[in-house]
There are 4 protein chains.
Amino acid sequence: MTLNNSSETAILLMHCPDKQGILASVTEFINANNGNIVYLDQHVDYEQKIFYMRIAWELNHFLIPTNKIKDYFNTLFAERYQMSWQIVFSNIKPKMAIFVSKMSHCLFDLLARYSAGEWNVEIPLIISNHPDMAPVAEMFGIPYHIFPINKNNKAELEPQQIKLLEDTGVDFVVLARYMQVISNEFISHFPNKIINIHHSFLPAFVGAKPYHAAYERGVKIIGATSHYVTGELDAGPIISQDVAHISHKDDIGSLVLKGRDLEKIVLSRAVDKHLQHKVLVYNNRTVVFN
Amino acid sequence: MTLNNSSETAILLMHCPDKQGILASVTEFINANNGNIVYLDQHVDYEQKIFYMRIAWELNHFLIPTNKIKDYFNTLFAERYQMSWQIVFSNIKPKMAIFVSKMSHCLFDLLARYSAGEWNVEIPLIISNHPDMAPVAEMFGIPYHIFPINKNNKAELEPQQIKLLEDTGVDFVVLARYMQVISNEFISHFPNKIINIHHSFLPAFVGAKPYHAAYERGVKIIGATSHYVTGELDAGPIISQDVAHISHKDDIGSLVLKGRDLEKIVLSRAVDKHLQHKVLVYNNRTVVFN
Amino acid sequence: MTLNNSSETAILLMHCPDKQGILASVTEFINANNGNIVYLDQHVDYEQKIFYMRIAWELNHFLIPTNKIKDYFNTLFAERYQMSWQIVFSNIKPKMAIFVSKMSHCLFDLLARYSAGEWNVEIPLIISNHPDMAPVAEMFGIPYHIFPINKNNKAELEPQQIKLLEDTGVDFVVLARYMQVISNEFISHFPNKIINIHHSFLPAFVGAKPYHAAYERGVKIIGATSHYVTGELDAGPIISQDVAHISHKDDIGSLVLKGRDLEKIVLSRAVDKHLQHKVLVYNNRTVVFN
Amino acid sequence: MTLNNSSETAILLMHCPDKQGILASVTEFINANNGNIVYLDQHVDYEQKIFYMRIAWELNHFLIPTNKIKDYFNTLFAERYQMSWQIVFSNIKPKMAIFVSKMSHCLFDLLARYSAGEWNVEIPLIISNHPDMAPVAEMFGIPYHIFPINKNNKAELEPQQIKLLEDTGVDFVVLARYMQVISNEFISHFPNKIINIHHSFLPAFVGAKPYHAAYERGVKIIGATSHYVTGELDAGPIISQDVAHISHKDDIGSLVLKGRDLEKIVLSRAVDKHLQHKVLVYNNRTVVFN
C-alpha cells in the first residue's frame with residue numbers, strides 16, 4: 001500500500017445488532033474529538049434488527065492520533081455493540097488485482113478509469129489463464145502473469161496465484177470475465193474481496209453461456225450482475241445489476257455485443273462502490289450506500 | 001363479436017419458412033387490388049429461416065370483397081408458402097375475459113383503459129375464485145362470475161368456465177393476478193390466447209412468492225413478465241418484461257408495492273400488443289412488432 | 001381530518017443549517033423518552049451546509065404526551081437549530097383534492113390506489129373545469145365540482161375553489177392532467193402542496209403540447225415529471241421523473257399513449273412520497289427520502 | 001479505404017416519397033439477380049409520406065458486377081422514385097477521425113472497441129486542441145495531431161484540419177468530448193458525417209456546463225445525447241440517447257462521473273449505428289434501424 005496526498009479522511013464501515021443510541025454515540029465521539037463529519041449514511045434492517053452505518057470524517061483537526069483510532073474505536077464502541085467493522089484511511093491506496101481470460105471490454109474499462117485517475121487504487125498486476133490480453137496489459141504498463149489453469153492443475157497453480165497476490169500485497173481481486181471457477185480455498189483468502197461480473201440478470205441463467213440461454217428462453221431484457229464470489233457458483237452477494245431491453249431482432253451475436261456494455265459498466269460500478277468502502281455484506285445480501 | 005364504425009382495415013399476421021419473394025408477392029397483391037398499405041413490418045430469423053410479417057391495409061377501395069379475402073389469400077399465398085396466418089378486420093371487436101383473484105391493481109388498469117376507449121375490445125365478463133373484486137366489476141358494469149376453484153374441484157369447475165367463455169364468444173383470456181394454475185385441458189381451448197402476468201423477471205423466481213425470493217436473494221432489480229400460458233408453469237412465450245431498480249432500503253412490503261406498478265403496466269402492454277395483432281409465436285418465443 | 005386505527009407513529013421532517021450534534025441530540029431525545037425509532041434517514045448538503053432529516057418513532061410507549069410533542073420539540077430543538085420542520089402523526093389521515101380536466105388515466109390511477117387502500121389519505125372532492133370525468137368520480141362515490149374556469153373568469157372562480165378547499169379541510173392538491181394554469185394567489189394558499197404532472201422530461205418541452213415538440217425535435221426518449229407548482233410555469237421543485245425509449249416508428253399518437261403510462265405512474269409516485277412525508281423542498285430542489 | 005476479407009455484402013440505405021411497389025420492385029430486382037437478402041428493414045412515415053429502407057444482400061452469386069451495381073440501381077430505381085440513397089460494400093473499411101480535448105473516457109471507449117475489432121473501421125488519426133490525450137493515442141499507435149484552435153484562430157486552423165482529413169481520406173468524424181464549436185464551413189464538408197456527444201438529455205441543457213444546469217434545476221434524471229452536428233448548436237438530428245436516475249445525494253461531481261458512463265456508451269452506440277449504415281436523416285430527425 002502506498003500513500004497519496006489528498007486531504008485525509010477516515011471512513012468507518014460497520015454493522016451490528018440494532019440498539020438505541022449507536023449512531024448518537026459514534027457521531028458524538030467524532031464531534032467531541034474535532035472530527036468534521038463529511039459523510040454519514042446508515043440503514044436499519046428492522047426485521048433482522050441489524051444496524052449498518054458508514055461515516056467519513058476529516059482527520060486534520062481530529063484529536064486522536066491516526067494510529068490509535070482503531071484501538072480507541074474498538075474499545076469504546078466495537079466491543080460494546082458487537083460490531084463487525086473496519087476503519088480505513090483515504091490516504092491509503094488499496095491494491096487491486098485483475099483476473100482476465102480472453103475478452104478485453106471489462107479490462108479496458110477498468111484500466112481506462114485507472115489511467116484517468118478516476119479511482120484511488122493501484123493495480124500492481126493482471127493475472128490470466130491465456131496470453132491474449134498481454135498486449136493490453138503492456139499498453140498500460142502493468143505486469144501480466146499467465147497461469148494456464150484448468151480443472152486438472154488448479155490445485156497446483158492456485159496456491160502460486162495466492163502467494164503472488166499476497167506477496168504483492170493485493171487487497172482485493174476483480175474477475176473481469178475470467179472464465180475459471182475459483183476454488184473455496186482461494187476464496188477463503190479473500191472473503192468478500194473477489195468481485196465477479198456475471199453476464200446475466202442473476203439468479204436467471206446461472207453458469208455458462210447465459211446469452212444463449214436468454215435467447216433460447218425468449219426474454220425481452222438481458223442483464224449483468226456483479227457480486228462477491230462465494231463457494232456457490234454465481235450465488236454470492238449482489239453488488240450491482242443492470243439491464244437492457246432487447247427484441248426479436250436480436251440474435252445471440254447482438255446479445256453478446258449489447259451485453260458487453262452492461263458487463264463493463266456494472267463491473268466498474270461494483271469496483272467503484274467497493275473502493276469507496278460503501279458495500280456491507282450480511283446474510284449473503286449487500287447494503288450499498290450512495 | 002360486434003362491429004364498430006372506424007375506417008376499416010385488414011390486418012395480416014403470418015409466419016412461414018423464408019423464401020425469396022414472399023414480401024414482394026403479398027404487397028404486390030394488395031397494391032394491385034387497390035389496397036392502401038398503412039402498416040408493414042417484417043422480420044426474418046436467418047438462423048431458423050423463418051419469415052414473419054404483419055401488414056395492414058385499408059379496405060374502402062380494396063377490390064376483393066371482404067368476405068372473400070381470407071379465401072383468396074389462402075389459395076394464392078398461404079398454401080403455397082406453408083404459412084401460419086390470420087387475417088383480422090379492424091371493425092371486429094374481440095372479446096376479452098379477465099380472470100382475477102383478490103388484488104385490484106391489474107384489474108383497475110385494464111378496466112380504466114377499457115373505460116377510456118383506449119382499446120378496441122369488449123369485456124363481457126370477469127371470472128374470479130373469490131368475491132373480493134365483485135365491487136370493482138360492478139363499478140364498471142361488467143358481469144362477475146365466481147368459481148371457488150381449488151385443486152380438488154378444478155376438474156369439475158374448469159369445464160364450466162370453458163363453457164361460459166365459449167358461450168360468451170370470448171376470444172382471449174387475461175389473467176390479472178389470478179392465483180390458480182390453469183389446466184392443460186383449459187389451455188388447449190385457448191392456445192396462445194391466455195395472457196398471464198408473473199410478478200418476477202422470468203426465468204428468475206418461477207412459481208409462488210417471487211418477491212420473497214427476490215428479497216432473499218438480495219437482487220438489486222425486480223421485474224414483471226407477461227407471457228402466454230402453456231402447460232409448463234411460468235414458461236410460456238414472453239410478450240413483455242420490465243424492471244425497477246431497488247436497494248437495501250426495500251423490504252418485502254415495498255417490493256410488493258413497487259412490483260404492482262410494473263405488473264399492471266407490463267400486463268397492459270401485452271394485452272395492447274395482442275389486441276393490435278402484433279404478437280407472433282414460434283418455438284416458444286415471440287416476435288412483437290412495434 | 002379523521003383518525004385511523006393503525007399503530008401510531010410520529011414523523012419528523014426537517015431541515016436546518018448543518019451543525020454538529022443535531023442528529024445525535026434528536027435521536028437521543030427520542031430514545032430517552034422511550035420512543036422506538038422505526039425510520040431514520042438524513043442528508044447533508046455539504047456545499048450549502050444544510051442538514052435534512054426524517055425520523056419516525058412509535059408513540060405507544062413514548063413518555064411525552066402526543067399533544068405536547070410539537071411544543072417540546074420546538075423549544076428543545078427547532079428554535080435552537082433554526083429548523084424548518086413539521087411533525088405529523090400517522091393516525092391523521094390527510095385530505096387530498098384532485099383537479100382534472102378531460103383525461104382519465106391519472107385520475108383512475110389515483111382512485112384505484114385510493115380504493116385499494118394503498119394510501120393513508122382521504123379524497124373528499126374532485127374539481128374540474130369540464131363535466132367529462134363526473135362519471136368516474138361517481139363510480140368511486142366522490143363529490144365532483146365543476147368550475148368552468150378560463151382566463152377571463154379565473155379571478156372570479158379561483159377564490160370559490162380556494163374557499164371550497166379550505167372549507168373541506170383539504171391539505172394538498174393533485175393536478176391530474178388539469179389543463180389550467182393556477183394563479184399565484186391560489187398557489188400562495190398551498191405552498192409546496194400542489195403536485196402537478198407535466199408530460200415531458202422537464203426542463204425540456206415546458207408548456208403546451210410537449211409530445212408534439214418531442215416528436216418535432218426527434219428525441220429518442222420521452223418523459224414525465226411531477227413537481228410542486230410554483231409561480232413560474234413548469235419550473236417548480238421536481239419530485240419524480242421517469243422516461244421511456246421511443247423510436248422512429250412512434251408517431252405523436254403513440255407518444256401520447258406511451259406517455260400516459262409514464263404520467264400516471266410518475267404522478268402517483270410523487271403523491272406517495274408526499275403522503276409519506278418524505279419530500280423536503282429547499283432552494284427549488286427536493287430531497288426525496290427512500 | 002482498404003479491403004477486408006469477410007464475405008461481401010452490399011448495403012442499400014435510402015428514402016424517397018412513398019409510392020406503391022418500391023419495396024416489391026427492389027427486393028424482386030435483388031432476388032432476380034441471385035442476391036441473397038440477409039437484412040431488410042423499412043419504415044413508412046405515413047404523415048410525411050416518406051419511405052425509408054435498408055437492405056443488405058450477399059454478393060458472391062449476385063449476377064450484376066459489383067462495380068456496376070450503383071449505376072444499375074440509379075437507372076432502374078433511384079431516378080424513378082426520386083430516392084436519396086447510398087450503396088456501400090461491406091469489404092470497404094470506412095475511415096473515422098476522432099476529435100478530442102482533455103477527457104479520456106469517450107476516447108478510451110472508442111479505441112477499446114477499435115482495438116478489439118468490434119467495428120469495421122479504420123482510425124487513421126486523432127485530432128485535438130490540447131496535448132493531454134497524446135499518450136492515449138500513442139498507446140493505440142494512432143497519429144495525434146494538435147491544432148490549438150480557439151475563437152480567434154479558428155478561421156485559419158480549420159481549413160488545415162479539413163485538408164488533413166480529406167488528404168487522409170476520412171469518411172466521418174467523431175467528436176469525443178471535443179470542446180470546440182465546429183464552423184458551418186467545416187460542417188459543409190461532412191454533412192451528417194460529424195457525430196457529437198452532448199452531456200445532457202437534449203433539448204434540455206443546451207450549451208456549456210449541462211451537469212451544473214441539471215444540478216441547479218434539481219432534475220431526478222440525467223442524460224446524454226449523440227447527434228449529427230449541424231449549424232445550430234446541439235440541435236442536429238439525434239441518433240441515440242440514454243439516461244440515469246440520480247437523487248438528492250448526487251452533487252455535481254457525482255453527476256459528472258455518472259454522466260461519463262452515459263456519454264461513452266451513447267456515443268459508441270451512435271458510431272456503431274453509423275458504421276452499420278443504419279441511420280437515415282430526414283427533416284432533422286433520424287430513422288435508426290435495429
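Below, chains carry the letters A, B, ... as their sequence lines are ordered, and counting in each starts from 1.
- Your options are B:V288, B:N284, B:V206, and the one with the most heavy-atom pairs under 4.5 Å with chain A is B:V288.
- Interface remark: of the candidates B:A214, B:A235, B:A213, B:G223, B:A235 forms the most heavy-atom pairs closer than 4.5 Å to chain A.
- Within the 4.5 Å cutoff, the side chain of A:R285 has heavy atoms near those of the B:Y215 side chain.
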Open item on the list: Quick one, A:H248 with B:F289, criterion side chain to side chain contact (heavy atoms under 4.5 Å, CB included). Give me CA distance, side-chain angles, the key distance, then yes/no.
Closed with: CA-CA 9 Å; A:H248 59 271; B:F289 288 119; 4.3 Å; yes
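- Using a 4.5 Å cut-off between heavy atoms, A:S247 does not touch chain B at all.
- Interface with chain A: from residues 250-260 of chain B, no residue qualifies, criterion being any non-hydrogen pair under 4.5 Å.
- Proximity to chain A among residues 264-275 of chain B is not found for any residue, judged by heavy-atom separations below 4.5 angstrom.
- Minimum interatomic distance between A:R217 and B:D234 (heavy atoms only, all atoms of both residues): NH2-O, 3.3 Å.
- Looking only at heavy-atom pairs under 4.5 Å with chain B, the residue among A:D242, A:N290, A:L280 that has the most is A:D242.
- In terms of heavy-atom pairs under 4.5 angstrom with chain B, the leader among A:Q241, A:E216, A:H227 is A:Q241.
- For B:H245, the part lying under 4.5 angstrom from a heavy atom of chain A is the side chain only.
- For A:K249, the NZ atom is densely surrounded, since the number of other residues' heavy atoms within 6.0 Å is greater than 12.
- Residues meeting the side-chain contact (heavy atoms from CB on, under 4.5 Å) test with A:E28, sequence neighbours left out: C:A24, C:E28.
- In this structure, NZ on B:K220 lies 11.5 Å from OG1 on A:T225, to the nearest 0.5 angstrom.
- Chain A is approached within less than 4.5 Å, heavy atom to heavy atom, by B:D41, B:H43, B:D45, B:E47 from residues 38-49 of chain B, ordered by number.
- Nearest heavy atom pair, residue A:L202 against residue B:V219, reads O-CG1, 3.7 Å.
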